[in-house]
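The sequence lines fix the lettering, A, B, ..., with proteins before strands; numbering per chain opens at 1.
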Amino acid sequence: MKITLPDNSFRDLPDGSSGYDLAKDIGPGLAKSAVAITVNGVQKDLHDKIEGDASVSIITIDSDDGLNIMRHTLTAQVLARAIKNLYPKSQLAIGPIIEDGFYYDVETDKTISIDDLQKIEDEMKNIVKTNSSITKKLVSKSDALKVFKSLKEPYKEEIISESDQKDDFQLYYQDKEEFVDLCRGPHLPNLSFIGSFKLTKVSGAYWKGDSKNTMLTRIYGTAWKNDKDLEKYLNTIEEAVKRDHRKLGKEMDLFHFQDEAPGMVFWHPYGWNIYKTLQSFIRTKLDKNDYLEINTPQVVDRKLWEASGHWDKYRENMFITEIDEEHANEKRVNALKPMNCPCHVQVYNQGITSYKDLPIRYAEFGSCHRYEASGTMHGLMRVRGFTQDDGHIFCMPEQIESETASFISLLSEIYSDLGFEKFNIKLSTRPEVRIGSDEVWDKAESALENAIKKLDLPYKIDEGDGAFYGPKLDFVLTDAIGREWQCGTFQADFNLPDRLDAEYIGEDGNKHHPVMIHRAILGSFERFIGILIENYSGKLPFWLAPQQVVIASIVSEVNDYALKIQTLLKEKGIRTEVDLRNEKISYKVREHSSRKVPIIMAIGKNEKANETVSIRRIGSKDTEVIDLDKALKLIEKENSSISQ
RNA sequence: GCUCAUAUAGCUCAGCGGUAGAGCACUUGCUUGGUAAGUAAGAGGUCACCGGUUCAAGUCCGGUUAUGAGCUCCA
């Protein structure tokens, strides 16, 4: 038979040859490092027979595919077997690979906690040491069911019986059939290819990802080619932990949380400085882009939420207020607003709008509350009380495209100013359950898509992921360590204006419903500040830093000069503090450095005598002595580097 | 909401049945020192909350609340 290799060369092999035969035919080195093959684009086991003419590539252990096959074998064969050895009554569910590693879901009679991982890892190492070969048997559906019934593996039985596949269920055996698992494969030919690995965490996970199902124990691990790669991975994890905004928030005295208000931020003066600066930055941008800032009530009667449809759909997640009846004239049920859009429609509805007035762009720093499930809260990233940089654009359908374009240009300007040069766009199209005619959807989807295309921006389409009321664009930015955060959103809505009777008088003299576009750039201030802290490891750019300059005196006789500089800087709007404590300069430098103050000015006798300052910047050990006048100008210029 | 874990001084943590500990921070004294921790002393805790076991409970058991890692969810 004729085998085509990836470089388009051919090789003739006897019928019935396996991948391994092919690798051997090409060279002994390749045969040694081969772990699987790809036949006509489908991954197969190394010892599978190649059926007739085909294009085949050999997967070696050094390739990315090889690494993932190794991770797969490690979880499905080694971890699963270790669990069965240590917890014979446990039942195996599934064990897939994930980014950087793998997990296995099991049901156990005894709970497995983080302290048990070492024991399991040791058992895995014992199994790997056997270098066992892995062999495969193809069996019929009924035989496969029999095997796992006798092994008391109900989850495997369920997988088999729910499968559309009729035959050829793959059973992988280790050793002398001492361990068997159902798997789509492929697997390593034997365990000698297993590299370096570590079990990392244990948690719960629902069977088939459905919260109605049993909670299984999920054991996570990471695996790499060698110790060096494993070390590298563990180091990057450590790096991410170091920039955790919850830890930095404490160290930099930015905010705190406490039991009495779970998921609500107590902003401290320094944290609030960041918030205020970010807000005024956004406000200036919105003003320049013809948004009209408004402010709407936080507590609103349920009637409005019923009209908007939120009461039906999201009541469980709303904070409902109860009025003490004695003091209330009538019993009313109110809700803290979970979003601003219904209120914005109320503002729009005051008076009569002409088509000539459109588009109308309302913006609000809208304080919202949502009762998030207790387990979902996470520092500033997921909270119950938050503020959106929200906005709603009321326009005619034919204005969607130009609104999309101007929104994206504003968004990319803001992201870039905040230090995020890279973001991805996701276009989500009509879902199965939706309102509005296909004709309107066609128009809306193509308006969004055309706008991105005209701006020549790359985007990805997420079929069927749109909201029930219209298509949307999501904007995902990438941070300094490559993590992605979905922040901006732009959603066309054909539903709410209708429900809440928003209208305009068209050119034809008749009433029409405008399209309402929900849009946000940061998403929520709380979360975005969390992202900023992690992106910069707390070392925020000068203009955003909570304390911008600390003037530290070296000897007390220069305190008056330090205070004078502080006054001059404050006049220029620089957030400046003095440190006149009776401490050594190195002590002061250490403290303010660990608080990530961008500029520390050390002031001693020389500086006072010469009207100079010594500047030390965060992240650098160098100091620079310059004239006070020059320093003031420099700092003022640096502070206004972002067009506010 | 679910699973598992955690909750001790302002912070980071040790103690795991028998009189509450350390480092840093804080206060006071000495020290005025040139770029990441001067020095000595002092003060500081109903060991998250409620209940149980025990002669005796931060310590063991149950519940509640919060937090963490995931899962589910995110208008």
Side-chain angles (χ1 to χ4, degrees), chain A residues 98 103 105 107-108 111-117 200-220 241 244 246-247 250-251 253 256-263 305 308-318 337-342 368 370-379 381-384 386 388 467-469 472 486 489 491 493 495-496 518 523-524 527 552-559 580-595 600-607 614-618 620-625:
Chain A
I98 49 174
Y103 65 77
D105 285 349
E107 190 179 332
T108 53
T111 58
I112 297 177
S113 77
I114 189 97
D115 303 321
D116 301 313
L117 291 186
T200 49
K201 55 195 168 198
V202 55
S203 75
Y206 299 108
W207 168 234
K208 291 180 184 163
D210 188 333
S211 58
K212 289 197 275 294
N213 288 342
T214 322
M215 176 68 72
L216 305 171
T217 303
R218 175 171 296 179
I219 298 171
Y220 286 90
V241 171
D244 189 311
R246 292 165 300 184
K247 181 172 168 284
K250 221 175 251 171
E251 284 171 14
D253 194 14
H256 85 271
F257 291 92
Q258 65 185 51
D259 287 14
E260 289 83 352
W305 305 113
S308 70
H310 292 101
W311 191 264
D312 265 358
K313 259 193 112 158
Y314 297 106
R315 188 166 129 65
E316 306 251 293
N317 295 306
M318 285 161 79
K337 68 174 170 188
M339 53 192 333
N340 309 297
C341 35
C368 296
R370 295 180 186 175
Y371 188 81
E372 303 284 0
S374 57
T376 59
M377 260 108 66
H378 181 90
M381 301 302 189
R382 185 87 178 260
V383 286
R384 285 181 177 161
F386 56 96
Q388 295 177 313
F468 70 94
Y469 48 71
K472 61 172 183 171
Q486 183 173 318
T489 190
Q491 312 179 356
D493 185 349
N495 175 43
L496 202 59
H518 309 252
S524 103
R527 177 163 176 268
S553 61
I554 294 168
V555 290
S556 53
E557 66 182 84
V558 302
N559 285 357
L580 308 179
R581 291 176 303 171
N582 177 14
E583 295 291 350
K584 289 199 160 180
I585 190 63
S586 50
Y587 181 90
K588 296 183 183 182
V589 166
R590 179 186 147 81
E591 187 169 300
H592 303 302
S593 296
S594 65
R595 290 215 169 184
I600 299 171
M601 283 184 181
I603 301 298
K605 289 176 193 163
N606 297 338
E607 285 77 10
S614 164
I615 289 182
R616 178 188 167 118
R617 285 176 184 274
I618 187 79
S620 163
K621 283 189 163 50
D622 299 334
T623 58
E624 188 189 6
V625 178

**Prompt:** Checking all strands, does A/Gly523 fall into the base, sugar-phosphate, or nothing category for heavy-atom contacts under 4.0 angstrom?
**Reply:** nothing
**Side-chain N or O of A/His378 closer than 4.0 Å to phosphate OP1/OP2 of B/U67** = no
**Prompt:** With a 4.0 Å cut-off on heavy atoms, is A/Ser614 in touch with a base, just the backbone sugar-phosphate, or nothing at all?
**Reply:** base
**Prompt:** Contact class for A/Arg218 (heavy atom, under 4.0 Å): base, sugar-phosphate, or nothing?
**Reply:** sugar-phosphate
**Fill in**
Base orientation of B/G70, chi within 90° of 0 counted as syn, else anti, reads anti
**Request:** Kindly say whether, by distance alone, the side chain of A/Thr623 makes a donor-acceptor pair under 3.5 Å with the base of B/U35?
**Result:** no
**Request:** Give one of base, sugar-phosphate or nothing for A/Lys313, where a contact means two heavy atoms less than 4.0 Å apart.
**Result:** nothing
**Prompt:** Do the side-chain N or O atoms of A/Tyr587 get closer than 4.0 angstrom to the phosphate oxygens (OP1, OP2) of B/A25?
**Reply:** yes
**Message:** B/G38, OP1 or OP2 - any side-chain N/O from A/Lys584 closer than 4.0 Å?
**Reply:** no
**Prompt:** Quick one, which residues of residues 205-215 of chain A touch RNA chain B with a heavy atom under 4.0 Å?
**Reply:** A/Ala205, A/Tyr206, A/Gly209, A/Ser211, A/Met215
**Prompt:** Ring centroid separation for A/Tyr469 and A/His518, is it under 6.0 angstrom?
**Reply:** yes
**Complete:** Per nearest nucleotide of RNA chain B, the residue lying toward the 5' end, A/Ala467 or A/Ala602, is A/Ala602
**Message:** Heavy atoms only, 4.0 Å cut-off, all strands: where does A/Tyr220 land among base, sugar-phosphate and nothing?
**Reply:** sugar-phosphate
**Asked** Looking across every strand, which nucleic acid part, if any, lies under 4.0 Å from A/Pro262 by heavy atom: base, sugar-phosphate, or nothing?
**Response** sugar-phosphate
**Request:** Is it possible for you to check whether A/Arg384 lies under 6.0 Å from the centre of the six-membered ring of A/Tyr371, through NZ or CZ, and within 45° of that ring's axis?
**Result:** yes
**Request:** From the options B/G1, B/G33, B/A66, select the nucleotide whose nearest atom is closest to the side chain of A/Asp259.
**Result:** B/A66
**Prompt:** Between A/Ile600, A/Ile603, A/Ile554, A/Val555, which is the residue that forms a side chain to side chain contact (heavy atoms under 4.5 Å, CB included) with A/Ile585?
**Reply:** A/Ile554
**Message:** Regarding B/C73, can its base be found pairing with the side chain of A/Arg382 as donor and acceptor, where the two atoms are less than 3.5 Å apart?
**Reply:** yes
**Prompt:** Side-chain N or O of A/Arg590 less than 4.0 angstrom from OP1 or OP2 on B/U35?
**Reply:** no
Short N/O separations, protein against nucleotides 4-14 of chain B, under 3.5 angstrom:
| residue | atom | partner | partner atom | Å |
| --- | --- | --- | --- | --- |
| B/U12 | OP1 | A/Lys250 | NZ | 3.1 |

**Fill in**
Among B/G1, B/G34, B/G38, the one nearest any side-chain atom of A/Glu607 is B/G34
**Prompt:** Would you call A/Lys208 and A/Asp210 a salt bridge, taking side-chain N to carboxylate O under 4.0 Å as the test?
**Reply:** no
**Fill in**
Walking RNA chain B from its 5' end, the first of A/Asn317 and A/Ser374 to be reached, judged by nearest nucleotide, is A/Ser374
**Request:** Look at the side chain of A/Arg616 and the base of B/A36, then say whether one donor and one acceptor between them are separated by less than 3.5 Å.
**Result:** yes
**Asked** If you look at every strand shown and take non-hydrogen atoms under 4.0 Å, does A/Tyr314 touch a base, only sugar-phosphate, or nothing?
**Response** base
